[in-house]
Number of protein chains: 2
Amino acid sequence: MTLEEVARVAGVSRATASRVVNGSPKVNPQARRGVERAIARLGYVPNRAARSLVTRRSDSIGVVIREPTARLFGDPYFPQLLSGISAALSPRGLQLILLMPRSREEDRRLEQYLTAGHIDGVLLASLHGNDPLPGRLDGDGIPVVVGGRPPEGVRVSFVDNDNYGGAVAAVSHLIASGRHTVATISGPLDMEAGVARLRGYREALRSAGRSLDPSLEAEGEFTQESGAQAMRALLQRHPELDAVFVASDLMAAGALQVLNAAERRVPDDVAIVGFDDSPIALMTVPPLSTVRQSIEEMGREMVRLLLESIDERDRAPRQVILVTELILRGSCGGGPMS
Amino acid sequence: MTLEEVARVAGVSRATASRVVNGSPKVNPQARRGVERAIARLGYVPNRAARSLVTRRSDSIGVVIREPTARLFGDPYFPQLLSGISAALSPRGLQLILLMPRSREEDRRLEQYLTAGHIDGVLLASLHGNDPLPGRLDGDGIPVVVGGRPPEGVRVSFVDNDNYGGAVAAVSHLIASGRHTVATISGPLDMEAGVARLRGYREALRSAGRSLDPSLEAEGEFTQESGAQAMRALLQRHPELDAVFVASDLMAAGALQVLNAAERRVPDDVAIVGFDDSPIALMTVPPLSTVRQSIEEMGREMVRLLLESIDERDRAPRQVILVTELILRGSCGGGPMS
DNA sequence: CAAGGCTGTGAGAGCGCTCTCATGAACGCT
DNA sequence: AGCGTTCATGAGAGCGCTCTCACAGCCTTG
């Protein structure tokens, strides 16, 4: 089934048929109808490869997920993100090419692949530390949007949640509800999300006139096990603590188990607030108070920015910060207990 | 950067350069080296579209995920599956195109897309009921592999876990450890995985000489909330039950909450065994005994079968059944309690 | 030494599409 | 009536690649 045949059936030239397919306005309505009928009758679908070859666009965008497996599996973050991305891509007829490099070697091949022009743009999620990828892609003139924050000094578009604001809200709530010793389990400090939530924690304490105590801060890795470990450390250093702000629900689930094992009642003895509002938050006993962020929304927004920078090549990088919302449940007192 | 330039730099014809790129054996070692050097120097990467146009292969395979969002997010099933698929695809240089249709309309477009030859093969995951898609794709001569089971009567390759065997093992264990009234929360009965696990439950009871009681069976939908609901129903119908086999960990988490709320101690009053060995199983208190299956392995195996049927067009459909393993933890007594 | 067989190579066609450019028809204007 | 202008259309080039085919050079064989 080629355009040629469609054109023949419709009694027009290939060029006119092409114009109809691509929605050019300069086509006689009658000719247009003829071509449309032929397309429908023959079940014609354009050959992407041929089109790509001449337009130099691939109509597909790459989604790169750089994350060790542990987090990838424990947390519904990625399915949600992919779902949002897919939803935004699909009405535009763009393909979602999923890339999950799992070794140095694959990383190398990934970069080569992305810069070879097989792809119109790239979405990057969950960057760590000083990942050189966004900078390099941008340098090669490939449209990039980062979910979360790009490394310092790299000026590319990104979409992020208001991690800082969410953390401030959570910790302020703990303070306002009368807790005296508020600890935190932070995310990995090589990730912007980890750092921002920790900054929010500190700011909330500071603005409430509390003094900061570094020994009340423990770093986790966004995994359940690391949350449990951090909780054990905090409990040992500060047996008197009566509240913890945990930078992810998954880590909070780990912390909750440790508190349970240590026979601290939640929320009576220790209040706990997580972050993400992932389904996990409803799975714990008691259910977790948490900071809600919409990861699907983030995915959609990333696509929007990417399409903009594909269409308008040298526009300045943009950034979108999505609001977060404190959700109160049983784990910090006051909310429903199941 | 085109093959033409590479050829010129290496002092050979485009044809020879192409032979080197594609690993044809009939090339003089010296010419080969020259071309390879030129490729390295120029950073040449073949243009996929041009290649596709002539070979009539796209070197990409579609992964279709047909699942309502609830399950998609609660459960690490899909990230694991994608990870396995991606791992198996990447050394072959094949693209993973992710497709998540979310409406009738998108479903229609999906089918058109898949049959238009944009894709060398299709992987289908998580089919429900009598999904016509696998049969139709197969009818159109498109290589297909299903994760789980294809609908009855559709003869396509598939990879499945030994759902039946796993269920038998789990329930047999509950019986052997002295439980008297063993109930089950099954998966949705429009999915083969749901049905097979229920059959396993029944078979284990039967072969232990127990009688079957339909009121000990409640159907869930593989979501946490449906598990909780089913547990409530079971508890009402059979307050005396002392064991439950739940067809997924996520549902088991829901059931556990209900047991908790009903003040039944687990495992003392009620033993519970889940299915999947998802990270959720370690998140509950006590941790869940469960039936382990390797979803990543399933993904890899699906790719293997798909590549086989792409390479050898009219081979008979194949099936692979992956073994499952009973993992004992705190929730059914005997295992570790945390 | 001729005949035949390999082997490595290059010329060239052609995959299905888009897009530029030329053309001719229809129109409004002086 | 003659002119420029607009508009719809078709011819044809060319995107970068693979693959068939022909052929030159060499080796084997009787």
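The sequence lines fix the lettering, A, B, ..., with proteins before strands; numbering per chain opens at 1.
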If we fit an axis to the first five pairs and another to the last five of the helix from C:dC1-D:dG30 to C:dT30-D:dA1, what angle do they make, to the nearest 10°? 40°

Heavy atoms, side chains only, cut-off 4.5 Å: are A:Arg136 and A:Glu111 in contact? yes

Once salt bridge (charged side-chain N to carboxylate O under 4.0 Å, His left out) is applied, what residue pairs with a partner in residues 143-159 of chain B remain, sequence neighbours excluded? B:Arg149-B:Asp160

Check the pair B:Arg315, B:Glu312 against salt bridge (Lys or Arg N to Asp or Glu O under 4.0 Å), reporting the backbone distance first and the verdict last. CA-CA 6 Å; B:Arg315 79 156 42 222; B:Glu312 193 184 325; 3.1 Å; yes

A:Val45 or B:Val27, whichever maps to the more 5' nucleotide of DNA chain C: B:Val27

Closest nucleotide of DNA chain C for A:Val21 versus for B:Pro25: which of these residues is on the 5' side? B:Pro25

Are the side chain of [X] and the backbone N or O of [Y] linked by a donor-acceptor pair below 3.5 Å?
X	Y	answer
B:Arg48	B:Asp59	yes
B:Ser90	B:Ala87	no
B:Ser83	B:Pro79	no
A:Arg102	A:Met100	yes
A:Ser52	A:Arg57	yes

By side chain to side chain contact (heavy atoms under 4.5 Å, CB included), A:Glu5 pairs with (sequence neighbours left out) A:Met1, A:Thr2, A:Arg8

Residues at least two apart in sequence or cross-chain that pass side chain to side chain contact (heavy atoms under 4.5 Å, CB included) with B:Arg104, listed by chain then number, are B:Asp107

Counting only non-hydrogen atoms, which of [range] are less than 4.0 Å from DNA chain C?
range	value
residues 30-40 of chain A	none
residues 6-18 of chain A	A:Arg14, A:Ala15, A:Ser18
residues 53-62 of chain A	A:Leu53, A:Val54, A:Thr55

DNA chain D: 5'-most and 3'-most nucleotides touching chain B, 4.0 angstrom heavy-atom criterion: D:dG16 to D:dC19

Residue list, side chain to side chain donor-acceptor pair (under 3.5 Å) with [X], at least two apart or on another chain:
X	value
A:Ser60	A:Ser58
A:Ser18	A:Asn22
B:Arg300	B:Glu297

Rounded to whole angstroms, how far apart are NZ on A:Lys26 and P on C:dA25? 19 Å

Kindly state each residue pair satisfying side-chain hydrogen bond (donor to acceptor under 3.5 Å, both in side chains) with at least one member in residues 139-148 of chain A, sequence neighbours excluded. none

Find which nucleotide of DNA chain D each of B:Ala49 and B:Arg19 is nearest to by heavy atoms, and output the residue with the more 5' nucleotide. B:Ala49

Could you go step by step and tell me if B:Arg33 and B:Glu36 meet the salt bridge (Lys or Arg N to Asp or Glu O under 4.0 Å) rule? CA-CA 5 Å; B:Arg33 272 213 321 281; B:Glu36 278 163 356; over 6 Å; no

